Amino acid sequence: MSYVPDIHWGVMVIVLPLAGAVCCFLWPRRAVPLGLVTALGIVACVAGLGWQVVEQGAQRYAVGGWGAPLGIDLYADGLSLLMLMVAAVAGLGISVYSCGYFHRPDAKRDKAKHFWPLWMFLWAALNALFLSADIFNLYVTLELLGLAAVALVALAGGADALTGAMRYLLVSLLGSLFYLLGVALLYHGFGSVDITLLAERVEPSPVVWAAMGLMVTGLLLKTALFPLHFWLPSAHASAPAPVSALLSALVVKASFYILLRLWLEIFPFANAALAQLLGLLGAAAVLWGGFQALFQARLKMLIAYSTVAQLGYLFLAFPLANVIGWTGALYMLLSHAVAKTAMFMAAGNILYFGGHDRIVDLDRVVQRLPLTITAFALAGVSIMGLPPSGGFIAKWLLLEAAIRAAQWWWGGILILGGLLSAAWVFKVVGYAFTQSEVPHETRTVPASMEWTALVMAVVAILLGLFAPWPLALLEIGSPFGRENAG
Amino acid sequence: MKKTRKPKSITENGKKPAQFRLLPAVLLSALAVGLGYAVLSLPSQASGLSEPVAANLESSGVSNPVTAVLLNFRGYDTLLELGVLLLALLGVWSLGAAPKRRESSPGLVLEMLSRLLVPLLILVAGYLLWIGVHAPGGAFQAGSVLATAGVLSLLTGWRLDTRFSGLPLRITLVAGLGVFVVVGIVLIPMGGRLLAYPPSFAGALILLIEAAATLSIGITLAALFLGGRPETGGHS
Amino acid sequence: MSWDSALPLFVLASSLLPGLVIFFLPEERVAIRTTLNLAGAVLKLALVGVMIWGVFHGSHYETRLPLLPGLDLLLRADSLSMLFVVLSSVLWLVTTVYAVGYLEGSPNRSRFFGFFSLCVTATIGVALAGNLVTFLLFYELLTLATYPLIVHRGTDEARRAGRTYLIYTIAGGALLLIGTAWLYTLSGTLAFTARGFLSGLDESHNGVLVVIFVLLIAGLGVKAALIPLHGWLPQAMVAAAPVSALLHAVAVVKAGAFGIVRVVYDVYGLQFSASLGVTLPLAIVAAVTIIYGSMRALFQDDLKRRLAFSTVSQVAYIVLGITIVGPLAAVGGLVHLVHQGVMKITLFFCAGNLAETLGIHNVSEMNGVGRRMPWTMVAFTVAAFGMIGTPPLAGFVSKWYLGLGALDGGQGWVIFVLAGSSLLNAAYFLPILYAAWFKAPPDAWLAERSFGGRETAWALLAPPLVTAFLTLALGLLASAPFSPLQWARFITRLEYTP
Amino acid sequence: MNTVPSALLLILVPLLPLLLVFPALRSRFSRPCYIALLPALILLAVPQAVSIDLPWLLMGSGLGIDDGAGRLLLAMSVLLWAVAASLLHSVNGKPVDDRLTSCFLLTLAGNLGAILATDLVGFFTFSSLMGYGFYALLIAGGGAETRRAARVYLVCLIVADLALFEALLIAAATARDLDFEAVRQAMAQSASPGLYLSMVLAGFALKAGIWPLHFWLPLAFRSFPPAVALLLGAVPVAIALLGFVRWLPLGEVRLPALGLIIQAMGAAAMFYAILAAAKRAQPIRLPACAAIFASGLFTTFLGVGLGDPVAWNRHGNVAYFLIVFLGSGVAVLVIITGWRRARGHYPTMSGKPVDDSPPWFERWSGALTRWAAQVGGLSRLCAAWRAKVGGLRQIRAWQRALHGSERFLQRWAYAITLFLLLGIVVVFAGASSWI
Amino acid sequence: MSSAFLYALVGVGLFTLGLYALIVHTHLLRKILAINVMASGVFLVLVALAARTQGATPDPVPHAMVITGIVVAVSATALALALMLRVRAETGRAELAEESQE
């Protein structure tokens, strides 16, 4: 019994942003309303798909009607749905934020007309990626995603952004090629690019090890796991604020999602040593990113390094390899996405307002942006993993998983990482409480920007209070089913 | 994979110093050996998906298996790929206006040659598009040839009239993707699935899509060659 | 949702909602802000009154929200929580009045009162938490809500203090988190149960349980300022007087002590923790803290700093009372939770009055201040004597039961610790009183403000007098029904009768 | 007489002076010190024993007065306080310093309450109230010398209170009811009353200034108006002696050894008092010597009682008479002195500069200072300390000392604390094995 | 060893060679070219191994994939070149600078 019309919501979720991108490109002057309408439509479609999945269980959709080996399948289970929702929530926020951000009285006004189509393409790529059940199709979406992201980074202009974008592009292409070579080997080894079929056919063999190595390396490069994170801070920090937000919140997560899918479905036999290695790298990322963040001079750089650290958490689930661990990692992904969006938005507001984001000079700025600094602080609460916030739930789950798996040292890393983030969050928030009243040239921040940041931060907090819903979603289609023994 | 930080000193020829080259060389040799071993361990006989392709070729509407895969069986990939192309153009345009070239005379030979070649190239493109249904060829090949014609014209100093460089140009650029999406969507109420062509007029639909795609690919590639936004008549 | 299950939420909301509204009030809307604050405080008091009546007559107030599969956010009013809830809500009301008077005309008041309300909400949440994870949640919330209050003045010193506070408390929270999660994986439940829920576990876990106990106590000990985790407390005295009062008497320090009570009583169970052999080391730590805090207090010239070290010492009494395994000592510890709060808040109010009215911050500047501000100093005197443990004041009652419990539990050494501490208490409080009452006042005060004939503003004077009166009443009427002492007995009866 | 008024009266006896402590509450009365004594006077007029249980007060307390000794004591106290009040009020014919009156009333309340208390806690409460009140009185009324005495007294008081508190705890742990009678019984039956007894003895000995714990007593009489000082000094001494009688299980236990020691102490005290009186026969010191002598006598008596319960039971009431004698004897002495010097001037109470004092005061104080100088290092230290009073350097020195000690503590506090605790544990272990 | 494998090995070789060049060279144009060489290697592997169908027509699916891949590579190269020109215009060098911070 479904209350939702039986539409192919999954297809809509992909086609709608594509159409939106085309429309925004065709009519640049109407880009903002077109983009907003599309964003709302996407959210509605994701909700529809969510309802469908909740009511009817995991959905499989054969594009072109051909079915798995020959054609391409779309597949929506709890995991992909969760990712779509993350994208929808963060995406909606970013869309609203961008309206204010790009609507500047100065000369850079035409940025908006480039931003919207690129952003819609990126969203389409994300949605397509999360729904795809075909590793070659995943390659195409990955490229779509990468190019859109690079173009968006470059949108900021200036030497930093362009160099960052260039480095990002090279890394992205390199990662894709690694992945593609892996796909080629898998296809030629097992005659299919469909994940489900591959999962049935794949057995450990030199080809599979080689393919796994290539694909994992490529995806790690794109996910910026330590020590392959070198490209991330400059790219994320130099981009325009909404772009930074969506890069940190969504784009890096996409490649992590693919990695997770492959790991769970195609390479479940991956040996423990590799998992331990990933965990170790994750731990190193947590510590390294945390320390680097602490010593950054610029706010956006700081937040970018914190992304490096937070990505590390996601990899702590690999050595644990139990359902709670995976759930925790995904909840971390979810809450980090929302919180980091809020945080980059806040940083964007500060930059917009004061014209700089040097941390030592923040005191004159943040005092006059109470909403923004509140958003930053609330998001920081989630990033630190303090209750009540999504980050706390995630940490709790990971901690529980670590103890259950009798590998408590990962829990120690979690805690250390939390302390490091607390250190830098409060380093920034502390500036809100100074007394300096130095006059400063400022530009009024549109209310929509401040409020969006705040709303996103509040959502990050609320994720800690309504955790059972997303967690229940995750169980649909039991993506971690085969790991239950852990 | 060791492309972490670049050393401060870079040798004259734009390479990193020897000690930074040796290590990657060794590691990559090992990688090559490993990959080679993996490749060689593949079974020497494998048909892949050629059998199901052959079995379904009848209902795909075309007789060239590659085109069938490209536009029918895995048409969704191709749709996204047109998106990638358009996206690249968007990216290039977002970087700024096309760099101003020094206007120099292309020279007599080039000018003559281009006048001869451009119509020919367009004709070849049409042919490739048409033949793609049965034999090697198709939208991408045709689009590339079309793009050559465009590039050649651009090299000889031809510029699109600013009247057409606004919305008309953009419509042409998105035509391939647009037609593809529209066809795919329209088919949902009819066939029930995205991009599920009814076998009876699959061929015609594929040709329609390919034609639009060819145009778009050609123009897009040519526009990419320009390296930036063209001057438009209307707003900036 | 029925009334019984909604009441704990209402109690929380009665401070949370005003707090949230206040954040968004413009700075100059003083009247609305004050009204909201006071209305919230009074409403909370009323609700708590209803609640305590119900709890006494056996009603169960319980709010349950799923937090994670198998783990609920549980708010529950039991007898122990009521002790703390009543303390918090009464002292909140008093402190709010005081804060309104204290901060008159200072900047950023909306922010201040917003966090102030949040802080109380978190404290009430700590009190009402029905399981360890809920406790943890509000415990951390408390950290977050208090930080802005400590750094509110924005001076470098305040920010340094805030930083220290955070380093300590967040690290403590992390330890608590590890302990809690570990416990959860072992036992599968975290709900506070009378006499604990761990005694049924397999004996092979005992070693782990000791480690977890240490983690939990270390986490809680930071806020309770047990040495060597007390370092933040003396620094935090740079905060404004109402904040110090709240920090020392109600919110932070007490939350830590209350958490230790919870862990010992309702997680491990007193008998079980005794059988694990963890109570005696904890008692020793408490004893060391008591003596150490008093000794440090002895040499502080800064009045608030002296009071802060006094808190370090006094709060350890609670822990000491809990860890002497015996019903009488438990009564002493629990009742000290309330009594120390009332007394210490009085002292900080008075210290604030001196600073605000005369600009006095140091003990050495207090000569003759009793003549200028007799009522303030009367309140101070009463509270100080209470701290020393002079009968018939509140402190005497706690010490009485602690000592009695120590004898009863065969831990005679404790009474010598108590005696030593009383001696030291006298040694650092009486010189203050002497100077204030009997030394000649200076020709001019450091920074005197005029209040039109009265010694200070009404809102500054009434709260310390009220709490000083409470100090007296709590001691004199200790045996009256519904006194904290009787309530503490009620709690221990639950804990000790099978 | 029905119970309600008598109960109210009982409560009023300590409560009224307590209330009048607050200046605001007594501003309407011209002679609050006398008014404060009124309920006690009326109570004396009630011909029968009255008592009241106050279960809600403290740990469950009570007040009461019996027909015999208690009434006598109350009567003596009322007399004593009336005399003291008259002395206070006759100063310069002006109303006395507010603070002094407050302290006076506080002490009064404690005194009366202690007499009326029927249980250990009540007695303890009121006697420490009185103790602190008396301290305040000394501080508020006397000159620098007296203040020093007050400080010494305060230390004695705190230590005594601590000892008594311990005793109280032991009593509560042994006996379930804290009535004097119940405690006496319980202690008599207790297997190890040693700790209790030593605590009580030490505590009240400190409070009463029994030799060799007398050192605060002579100091208190120094620069204070002698008569008043004497009078006031008698009060705590009397109450402390009363404490002995009330707290100790006299007549119930037989502890010959302890009794002998106490007798010896008492004898020594008397001897000391006689010696002191003979050595410096100054009128002012005479009463002090008398007080010490009386308390020595009392102690001897106490020792006898502890050693021989039979004798105590037969002659125990003499103890009350001794106390009354001490009190009223002092009162009479004071009245006589006061009458003799009615034409002269007493120095003002609030510590005016010594130059304003009449010649006799100067002479005395000079003699006393000389005497003090002979006592030794303590006074020299004191003089040195006073030389610096008021100087900025002195404040700096203080601060430096504070900082120094704070630094020292920061570095060594843990060690000291542990050391102290270790000491406590060792002492406790030793004490428990000894007792 | 059939010719299919030979080509595939060449593809692997191109891939690693391109990777080496990408690491070693600093000029952006060379890096972009290196990426293209790598891509060619991958495509070669894809196409070559499709010819393992004994006698029958080669597997068409990898061919389609390669066409898709080529278009993607072309698009990416175009963007990369445009970006490189901008980098050069902004920084004066067609190289990636050390991470500049402030």
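All values below come from the heavy atoms of this structure, side chains included, with hydrogens, waters and symmetry mates left out. These numbers were taken from a predicted model, which means no experiment stands behind them.
Interface check for chain C: of the options D:Asp161, D:Ile158, D:Leu129, the most heavy-atom pairs under 4.5 Å are formed by D:Ile158. With respect to chain C, the highest number of heavy-atom pairs below 4.5 Å among D:Phe165, D:Tyr135, D:Phe126 belongs to D:Phe165. Of the residues considered (C:Thr390, C:Ile388, C:Val378, C:Ile290), C:Thr390 shows the highest number of contacts with chain D, using heavy-atom pairs under 4.5 Å.
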| task | Apply side-chain hydrogen bond (donor to acceptor under 3.5 Å, both in side chains) to the pair C:Thr381 and C:Trp437, showing each step before the final yes or no. | result | CA-CA 10 Å; C:Thr381 307; C:Trp437 289 114; 3.0 Å; yes
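At a 4.5 Å heavy-atom cutoff, the contact between D:Leu169 and chain C is made by backbone and side-chain atoms alike. For C:Leu430, the part sitting under 4.5 Å from any heavy atom of chain D is the side chain, from C-beta outward, and nothing else.
Below 30°, between 30° and 60°, or above 60°: for D:Trp247 and D:Phe204 the angle between ring planes is above 60°, a perpendicular geometry. Relative orientation of the C:Phe429 and C:Phe380 rings is perpendicular, given thresholds of 30° and 60° on the angle between their planes.
The two atoms that bring C:Gly221 and C:Leu229 nearest to each other are C-CD1, 3.8 Å, heavy atoms only.
Between the side chains of C:Gln486 and C:Ser479, no donor N or O sits under 3.5 Å from an acceptor N or O.
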